[in-house]
Amino acid sequence: MAETTAHPQHATHDVTNQAPPLAPYDAAEDTALLEGLRREGAGWAEEGIRRLGARAGSAEAQEWAELANRYEPELRTHDRYGNRIDEVEFHPGWHHLMRAAVAEGLAGAPWADERPGAHVARSAGGLVWGHTEAGHGCPTSMTYAAVPTLRAQPELAKVYEPLLTGREYEPELRVPTEKRGLLAGMGMTEKQGGSDVRTNTTAATPTAEPGVYTLRGHKWFTSAPMCDVFLVLAQAPGGLSCFLVPRVLPDGTRNTFRIQRLKDKLGNRSNASSEPEFDGTVAWLVGPAGRGVKTIIEMVNCTRLDCVMMAAALMRKTLVEAGHHARHRGAFGARLVDQPLMRNVLADLALESEAATTLTLRLAGAADRAVRGDAGEQAFRRIATAVGKYWVTKRGPAFTAEALECLGGNGYVEESGMPRHYREAPLLSVWEGSGNVNALDVLRALGREPATAEALFAELALARGADARLDAAVARLKDRVAGSGQAGARRLVEEMALALQASLLVRHAPPAVADAFCATRLGGDWGHAFGTLPGAADVGSILTRALPGGN
């Protein structure tokens with residue numbers, strides 16, 4: 001036998017000048033978030049938020065997120081014997097993320113928590129747990145949002161609310177009342193109408209049992225088809241109405257819920273969005289017949305808040321990634337984080353991120369006080385949530401693209417995670433009404449509910465006299481509100497959002513942050529891309545506040 005010679009492996013190069021893995025890190029190391037948590041009445045939750053932040057930034061949770069997106073959900077329409085089952089299989093990483101989110105109260109739990117600030121604590125939890133991945137935030141969001149809508153039918157709420165507010169995740173399809181926790185989905189849109197839900201053609205036929213109907217039709221976007229119950233819209237004899245559709249009926253049989261396909265989406269790929277077909281599907285009426293939109297609108301308001309929250313979480317996550325890379329990467333004789341132009345970019349992103357986080361928590365505070373009967377906060381929430389949904393979610397794609405670019409070619413590689421975040425960003429503007437839908441909703445609120453404009457300007461007045469640029473912006477806004485029509489709706493809502501964010505920062509953020517935001521977003525001392533802060537901006541103070549570990 002010929003003798004073989006082992007050839008030693010010679011490295012052709014050493015790997016240098018690459019950032020180490022970010023995880024483990026603390027996703028709750030966010031000064032603006034913790035300050036807002038305390039300010040909006042949920043300081044009692046800080047210990048839990050800090051614990052959740054450490055868990056979100058752990059190597060284990062980050063791996064769950066990566067695996068849930070690498071191994072996407074798969075539709076199983078039939079079992080091996082040919083029986084129709086209409087089930088979706090998920091990677092275990094998805095179930096780990098869901099179990100943690102539900103246990104931490106990020107689904108329906110706040111509705112069962114009587115402590116002031118419970119809804120703020122949930123939003124803060126979403127801001128830190130959002131550092132994992134966004135897809136599983138869809139079923140938790142809809143479960144949270146379903147509770148106030150279900151209360152329109154007290155006898156149904158009595159049965160389902162204790163389970164929707166539970167902290168147990170049981171993914172198997174079983175009789176809902178035999179489980180310790182439930183998840184809720186939503187089915188509003190149909191292919192011929194989209195956001196124009198009044199054109200829905202799904203038909204609801206009354207049965208002999210009062211309040212019980214059968215549905216026949218096809219929904220275009222129904223997320224999380226493995227949820228236990230769904231709130232859907234359908235045309236009853238009395239007009240468009242809201243219905244509760246369980247996947248499994250009280251007698252243990254499967255309700256007709258034929259999943260035709262899963263959507264092949266740009267992002268949000270860990271989450272299964274589906275097209276279900278109803279054919280004799282049993283449903284229970286929620287709220288008055290013919291008042292479906294009015295009944296389900298509370299669910300929409302809640303999920304719109306979550307769109308703002310998830311966009312803010314995505315901004316913060318990608319800023320942390322960009323700052324981490326810049327701190328460990330060298331170029332042109334210095335660390336990237338010490339290069340003046342990169343510092344300008346990071347500081348500009350930090351301003352946008354803090355403004356989004358601060359607005360999210362203010363909206364969450366309004367929601368918390370509104371459900372406790374504060375009429376002024378109810379009016380503010382009504383208009384400010386639509387304003388925030390329009391603007392913060394619009395800023396997300398540009399923000400994540402700039403953060404990705406901070407990593408250069410490394411950020412364009414899937415292993416970095418940044419492409420996944422970039423693909424995720426546009427969804428939050430599309431989900432629960434596109435930009436036009438939310439802008440028109442603001443106009444509708446101004447025209448039909450004068451208290452909303454009063455509440456918005458009362459909020460802005462709290463910062464009167466603190467910054468001349470803000471005062472001028474508010475004066476312009478008052479003139480624009482008086483004469484704005486549909487064609488100018490986007491411009492109007494943009495100015496509302498910027499004035500609202502600026503007023504919050506002027507009141508609550510350090511002078512370096514508030515001054516730079518007002519100078520650029522309101523005063524016009526800014527370019528057309530991130531990284532164009534004026535020379536007078538205190539970039540060092542902004543970065544010290546924003547980046548984990550300091551400047």
Side-chain angles (χ1 to χ4, degrees), residues 75 77 84-88 139 142-143 145-146 149-153 155-157 159-160 164 173-177 182-263 272-300 303:
L75 173 61
T77 56
R84 188 91 194 207
I85 58 173
D86 296 288
E87 295 187 8
V88 180
M142 291 187 296
T143 301
T149 290
L150 197 58
R151 288 177 175 177
Q153 205 71 28
E155 64 273 20
L156 292 177
V159 174
Y160 291 103
L164 292 168
L173 289 179
R174 299 203 310 274
V175 175
T177 54
L182 300 179
L183 295 174
M186 178 169 58
M188 294 176 64
T189 61
E190 297 179 3
K191 51 184 172 290
Q192 81 290 339
S195 295
D196 186 8
V197 295
R198 294 186 186 279
T199 63
N200 282 4
T201 60
T202 295
T205 303
T207 68
E209 184 177 351
V212 181
Y213 291 68
T214 58
L215 307 184
R216 191 170 193 275
H218 186 112
K219 292 296 179 181
W220 190 236
F221 266 101
T222 299
S223 281
M226 289 301 287
C227 287
D228 299 283
V229 296
F230 295 82
L231 289 171
V232 305
L233 294 178
Q235 298 286 358
L240 189 66
S241 305
C242 181
F243 296 91
L244 179 77
V245 174
R247 284 293 315 262
V248 181
L249 296 171
D251 63 4
T253 60
R254 295 283 182 98
N255 207 357
T256 304
F257 194 96
R258 301 193 188 106
I259 304 175
Q260 301 304 306
R261 61 172 174 169
L262 300 184
K263 295 293 193 179
S273 297
S274 68
E275 291 180 39
E277 183 180 81
F278 301 146
D279 189 8
T281 302
V282 182
W284 279 258
L285 181 67
V286 178
R291 303 296 298 275
V293 173
K294 184 176 178 60
T295 300
I296 209 169
I297 198 66
E298 184 60 27
M299 187 176 194
V300 174
T303 49

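Note that the numbering runs from 1 along the sequence shown for the chain.
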Which of parallel (below 30°), tilted (30 to 60°) and perpendicular (above 60°) describes F243 and Y213?
-> perpendicular
Interatomic distance, CE@M188 vs OG1@T202, rounded to 0.5 Å, equals 12.5 Å
Might you confirm whether atom CZ of R151 has over 12 heavy atoms from other residues, nucleotides or ligands at distances under 6.0 Å?
-> yes
Sub-4.5 Å side-chain heavy-atom contact between P276 and P225 | no
Under a 4.5 Å cut-off applied to non-hydrogen side-chain atoms, are T214 and T207 in contact?
-> yes
Once you round to the nearest 0.5 Å, how far does CZ of R258 lie from NE2 of H218?
-> 12.0 Å
Just by modelled atom types, is the V293 backbone N or O under 3.5 Å from a matching donor or acceptor in the T295 side chain?
-> no
Gap separating the OG atom of S223 from the NZ atom of K263, nearest 0.5 angstrom = 10.0 Å
With the side chain counted from C-beta on, respond yes when L231 and L244 share a heavy-atom pair under 4.5 Å apart, and no when they do not.
-> yes
Are V286 and W284 close enough that some pair of their side-chain heavy atoms sits under 4.5 Å apart?
-> no
Just by modelled atom types, is the Q260 backbone N or O under 3.5 Å from a matching donor or acceptor in the E277 side chain?
-> no
So, E298 side chain and L150 main chain: donor-acceptor pair closer than 3.5 Å or not?
-> no
Hey, are E190 and K219 close enough for a salt bridge, meaning a charged N less than 4.0 Å from a carboxylate O?
-> yes
Quick one: does S241's side chain get under 4.5 Å of L233's, heavy atoms only?
-> no
Just wondering, are more than 12 heavy atoms of other shown residues or ligands nearer than 6.0 Å to CZ in R254?
-> yes
Could you check if a side-chain atom of M226 sits within less than 4.5 angstrom of a side-chain atom of L173, using non-hydrogen atoms only?
-> yes
So, D228 side chain and L183 main chain: donor-acceptor pair closer than 3.5 Å or not?
-> yes
Pairing of E87 and R247 as salt bridge, 4.0 angstrom limit = no
Ignoring hydrogens and angles, tell me if any N or O in the side chain of T303 forms a donor-acceptor pair with the backbone of M299 under 3.5 Å.
-> yes
Looking at T256, V232, N255, which one forms a side-chain contact (heavy atoms from CB on, under 4.5 Å) with F278?
-> V232
Enclosure of R84 CZ (heavy-atom neighbours >12, cutoff 6.0 Å) = yes
Between D86 and F257, is any pair of side-chain heavy atoms under 4.5 Å apart?
-> no
Rounded to the nearest 0.5 Å, how far apart are CD of E275 and CG of L262?
-> 9.5 Å
Heavy-atom closest contact (T281 atom, V245 atom, distance) | CG2-CG1, 3.7 Å
Does a side chain donor of either S274 or T222 reach within less than 3.5 Å of an acceptor in the other side chain?
-> no
Do the side chains of F230 and M186 get nearer than 4.5 Å, heavy atoms only?
-> no
